[in-house]
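Throughout, residue positions are numbered sequentially from 1 according to the sequence presented. Computed from heavy atoms alone, side chains included, the values below leave out hydrogens, waters and symmetry copies.
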Amino acid sequence: MNKSILLFFVTMASFFSFALAQSKNDVIHLIEGPKEVQVIEVGFNTIKYSFPNENTVYSISKHQVSKIEFASGREEVFNSPFKPVNGLDDFQNVYISYNPEDVVGLDPRGELFSKATGVTTLSSINNVKNRAMDKLKAEASMLGANVVLVGNVFQRGNQYGGENQAGNSTQTTFSGTAYSTQKLDLEKAKSMLLDQSFHHYQTHKLNRNSWSPERAIATVYDKDRKPLMFEFDKVIEKEDGVYVSASKIPTKTKELKVIHADNEMVVVMERNDKIITNYILISKDNKYFKNLASRVIL
């Protein structure tokens with residue numbers, strides 16, 4: 001009798017353990033954090049899943065997934081091509097995509113357009129295309145974006161002229177939309193921007209009609225021959241991010257959008273028609289500021 005009861009409890013315990021194991025969910029680690037789901041398929045470019053006790057199937061790019069923890073205990077890790085971009089110096093990190101699923105759920109940063117034209121009818125079509133692509137990445141980086149979904153591409157080869165017709169050199173244009181996987185912590189950014197002084201170190205500017213972006217040193221020294229510091233006049237939170245106003249920055253725009261902010265560097269942006277400008281601001285903790293402050297200016 002005791003053996004029968006023991007066998008019954010062992011059997012029931014095994015049954016409940018099996019049922020519990022079967023009901024355990026998969027965990028998919030996305031950019032915004034982990035989610036409990038039921039993974040249906042891991043494809044070449046996408047992952048299909050549904051939420052527990054639901055039949056609707058969702059699809060997401062593998063680029064937005066860092067890891068899947070399966071209910072079985074197995075883990076699968078993915079290497080995303082999305083890299084941090086904090087401004088023009090990181091433009092080569094911008095990821096170019098032609099797949100709309102790559103940008104589902106990402107933060108849109110604005111429309112992009114890039115054009116490059118050969119200097120002569122002998123210009124290399126590949127060199128011109130590469131220059132147009134670099135300008136596209138540069139514009140995205142200056143918007144604080146690290147992913148671009150290309151919409152349209154136009155490419156024209158060299159066209160040699162004749163007696164009554166002028167020739168045309170090769171040309172490439174790209175248009176698309178900039179997206180970011182990076183989200184600014186609004187409360188932290190506002191607190192930091194209000195509590196620190198900054199130095200205007202560099203200005204980066206991109207005109208869509210120019211050959212390439214321009215970088216200029218903007219350092220100005222005060223009467224004591226130290227790098228001029230200033231504080232923001234106002235910090236404003238809007239639906240699409242944090243904006244600042246600063247009378248010490250030489251711009252006609254009253255409000256500049258913050259695209260990057262940490263304890264050492266802040267990048268603010270203005271965009272007017274075909275021109276986008278980044279103002280690179282550094283704090284006293286920045287190594288470049290420390291070098292500037294240690295120089296002897298005669």
Side-chain angles (χ1 to χ4, degrees), residues 44-45 61-64 78-104 106-161 165-182 202-217 257 259-260 265 267 269-280:
F44 184 74
N45 293 314
S61 167
K62 290 172 73 173
H63 297 336
Q64 296 192 37
F78 303 92
N79 293 318
S80 173
F82 299 160
K83 299 178 181 178
V85 171
N86 297 325
L88 182 59
D89 290 340
D90 300 323
F91 83 96
Q92 290 290 10
N93 287 345
V94 174
Y95 180 76
I96 301 298
S97 174
Y98 297 86
N99 180 10
E101 289 186 320
D102 281 345
V103 299
V104 173
L106 300 188
D107 180 24
R109 293 297 177 92
E111 299 302 312
L112 305 172
F113 179 80
S114 172
K115 179 176 72 173
T117 305
V119 178
T120 70
T121 54
L122 299 178
S123 299
S124 165
I125 192 169
N126 286 331
N127 288 342
V128 171
K129 181 180 179 181
N130 291 339
R131 182 155 52 86
M133 178 59 74
D134 283 347
K135 288 175 67 176
L136 187 75
K137 290 183 176 182
E139 185 172 358
S141 69
M142 294 176 73
L143 289 173
N146 61 342
V147 184
V148 172
L149 177 64
V150 175
N152 293 297
V153 181
F154 168 78
Q155 196 162 17
R156 180 188 71 200
N158 290 313
Q159 299 173 344
Y160 299 97
Q165 183 178 3
N168 291 310
S169 59
T170 181
Q171 183 181 92
T172 299
T173 64
F174 291 101
S175 62
T177 306
Y179 293 86
S180 179
T181 63
Q182 306 166 133
Q202 288 188 10
T203 298
H204 299 164
K205 182 176 292 187
L206 173 64
N207 187 324
R208 286 178 174 175
N209 294 327
S210 298
W211 183 274
S212 61
E214 301 174 2
R215 293 174 171 85
I217 297 295
K257 186 173 183 179
I259 66 167
H260 173 76
M265 182 177 72
V267 182
M269 177 268 296
E270 70 171 326
R271 192 175 192 182
N272 300 315
D273 192 22
K274 298 178 181 180
I275 299 175
I276 180 170
T277 308
N278 281 173
Y279 301 96
I280 315 304

Seminar exercise, completed: Sorted by chain and number, sequence neighbours left out, side-chain hydrogen bond (donor to acceptor under 3.5 Å, both in side chains) with Asn146 holds for Thr181
Problem set entry | Criterion side-chain contact (heavy atoms from CB on, under 4.5 Å) on Val104 and Ser61, from CA distance to verdict | CA-CA 8 Å; Val104 173; Ser61 167; over 6 Å; no
Problem set entry | Criterion side chain to side chain donor-acceptor pair (under 3.5 Å) against Arg215, the qualifying member of Thr203, Asn278, Asp89 | Asp89
For this session: State which residues pass side-chain hydrogen bond (donor to acceptor under 3.5 Å, both in side chains) with Asn272; sequence neighbours excluded, sorted by chain then number.
Result: Glu270
Problem set entry | Separation of Thr172 OG1 from Ile125 CD1 (nearest 0.5 Å) | 6.0 Å
For this session: Start with the C-alpha distance between Val267 and Asn86, add both sets of side-chain angles, then the distance that settles side-chain contact (heavy atoms from CB on, under 4.5 Å), and finish with yes or no.
Result: CA-CA 8 Å; Val267 182; Asn86 297 325; 5.6 Å; no
For this session: Start with the C-alpha gap between Leu88 and Leu206, add the side-chain angles, then the distance that decides, and say whether side-chain contact (heavy atoms from CB on, under 4.5 Å) holds.
Result: CA-CA 10 Å; Leu88 182 59; Leu206 173 64; over 6 Å; no
For this session: Only counting residues at least two apart or in another chain, list the ones meeting side-chain contact (heavy atoms from CB on, under 4.5 Å) with Lys83.
Result: Asn93
Problem set entry | Trace of the side-chain contact (heavy atoms from CB on, under 4.5 Å) decision for Leu106 with Leu149 | CA-CA 11 Å; Leu106 300 188; Leu149 177 64; over 6 Å; no
For this session: Scan residues 130-143 for pairs that pass salt bridge (Lys or Arg N to Asp or Glu O under 4.0 Å), counting only residues two or more places apart or in two chains.
Result: Glu139-Arg208, Glu139-Arg271
For this session: For His204, check ring-ring contact (aromatic ring centres under 6.0 Å, His included) against everything at least two apart and list the hits.
Result: none
For this session: Could I get the full list of side-chain contact (heavy atoms from CB on, under 4.5 Å) partners for Ser80, not counting sequence neighbours?
Result: His63, Phe82
Exercise. Should Met133 and Ile96 count as side-chain neighbours, where that means a heavy-atom distance under 4.5 Å?
Worked result: yes
Seminar exercise, completed: Between Phe91 and Ser141, the two heavy atoms sitting closest are CB-OG, 3.6 Å
Seminar exercise, completed: Val153 meets the side-chain contact (heavy atoms from CB on, under 4.5 Å) criterion, sequence neighbours left out, with Tyr98, Val150, Phe174
Exercise. Between the main-chain N or O of Gly118 and the side-chain N or O of Ser169, is there a donor-acceptor pair closer than 3.5 Å?
Worked result: yes
Problem set entry | Minimum-distance pair of heavy atoms, taken over all atoms of Val94 and Ala145 | CG2-O, 3.8 Å
Exercise. Please, which pairs that meet salt bridge (Lys or Arg N to Asp or Glu O under 4.0 Å) have at least one residue in residues 106-115, sequence neighbours excluded?
Worked result: Asp107-Arg109
Exercise. Taking only residues two or more places apart in sequence or in another chain, which ones pass side-chain contact (heavy atoms from CB on, under 4.5 Å) with Pro108?
Worked result: Tyr179
Exercise. Within a strict 4.5 Å, meaning less than it, do heavy atoms of the Lys62 and Phe44 side chains meet?
Worked result: no
Exercise. Less than 4.5 Å apart, any side-chain heavy atom of Thr177 and any of Val103?
Worked result: no
Exercise. For the atom pair CD (Gln155) and NZ (Lys129), what is the distance rounded to the nearest 0.5 Å?
Worked result: 5.5 Å
Exercise. Rounded to the nearest 0.5 Å, how far apart are CE of Met269 and OG1 of Thr277?
Worked result: 10.0 Å
Problem set entry | By side-chain hydrogen bond (donor to acceptor under 3.5 Å, both in side chains) - contacts of Glu214 (at least two apart) | none
Exercise. Taking only residues two or more places apart in sequence or in another chain, which ones pass salt bridge (charged side-chain N to carboxylate O under 4.0 Å, His left out) with Asp90?
Worked result: none
For this session: Could you list the residues that satisfy side-chain hydrogen bond (donor to acceptor under 3.5 Å, both in side chains) with Ser97, not counting sequence neighbours?
Result: Asp102
